[in-house]
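Quick caveat, the model's predicted, so the values are computed rather than measured. Just follow the structure's listing: the first ligand is 1, and inside any ligand the first atom is 1. The figures here come from the full heavy-atom set of this structure, side chains too, leaving out hydrogens, waters and symmetry mates.
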Amino acid sequence: MRIRKGDLVEIIAGEDASQGATRRRMATVLQVMPKQGKVLVEGVNVVSKHVRPSRKNPQGGRLDIEAPIDMSNVMPVCSKCNQGVRVGYRIGEDGVKVRYCKKCDAVLSKVSKQK
Ligand SMILES: [Zn+2]
């Protein structure tokens with residue numbers, strides 16, 4: 001999986017996409033849905049949902065929630081390049097699998113073995 005929960009990503013396609021280098025749209029991944037190939041990204045693709053009053057939300061009314069967007073619409077952000085980049089995987093010196101930036105070769109994160 002290229003994208004992981006908690007990643008900072010750049011939105012590269014869709015309504016919320018970055019507008020060139022001056023207005024990059026970056027946000028944090030809230031949830032990854034591997035089966036659908038989609039991700040929930042904070043503040044991106046927000047839709048209003050009408051809800052009935054409930055104990056949690058006694059007023060009811062409108063609720064803004066993020067709708068999933070296609071995983072291919074986002075790219076992980078490299079903190080060195082400060083933009084969305086293509087990433088690759090490799091085994092680091094300590095034998096731990098890492099994700100790295102294919103542009104500047106910086107290691108983005110270690111890949112935990114639990115998934
Ligand atoms: Zn980079």
Novice: So, for Val98 and Gly92, which heavy atoms are closest and what is the spacing to 0.1 Å?
Specialist: CG2-N, 4.4 Å

Novice: Kindly list each side-chain donor-acceptor pair under 3.5 angstrom involving residues 68-78, sequence neighbours excluded, with atom names and distances?
Specialist:
unit_1	atom_1	unit_2	atom_2	d
Asp70	OD2	Ser72	N	3.3
Asp70	OD2	Ser72	OG	2.8

Novice: If you draw a 6.0 Å radius around CZ in Arg23, do more than 12 non-hydrogen atoms from other residues or ligands fall strictly inside?
Specialist: no

Novice: Looking only at heavy atoms, what is the nearest atom pair of Glu10 and Ser18, with distance?
Specialist: OE2-OG, 2.9 Å

Novice: Measure across Arg2 and Arg99 and return the closest heavy-atom pair with its distance rounded to 0.1 Å.
Specialist: O-NH1, 2.7 Å

Novice: At their closest point, which heavy atom of Glu66 faces which heavy atom of Val44, and how far apart are they?
Specialist: CG-O, 3.7 Å

Novice: I want to verify a count. Protein N, O or S atoms less than 2.8 Å away from the Zn ion (ligand 1), how many are there?
Specialist: 4

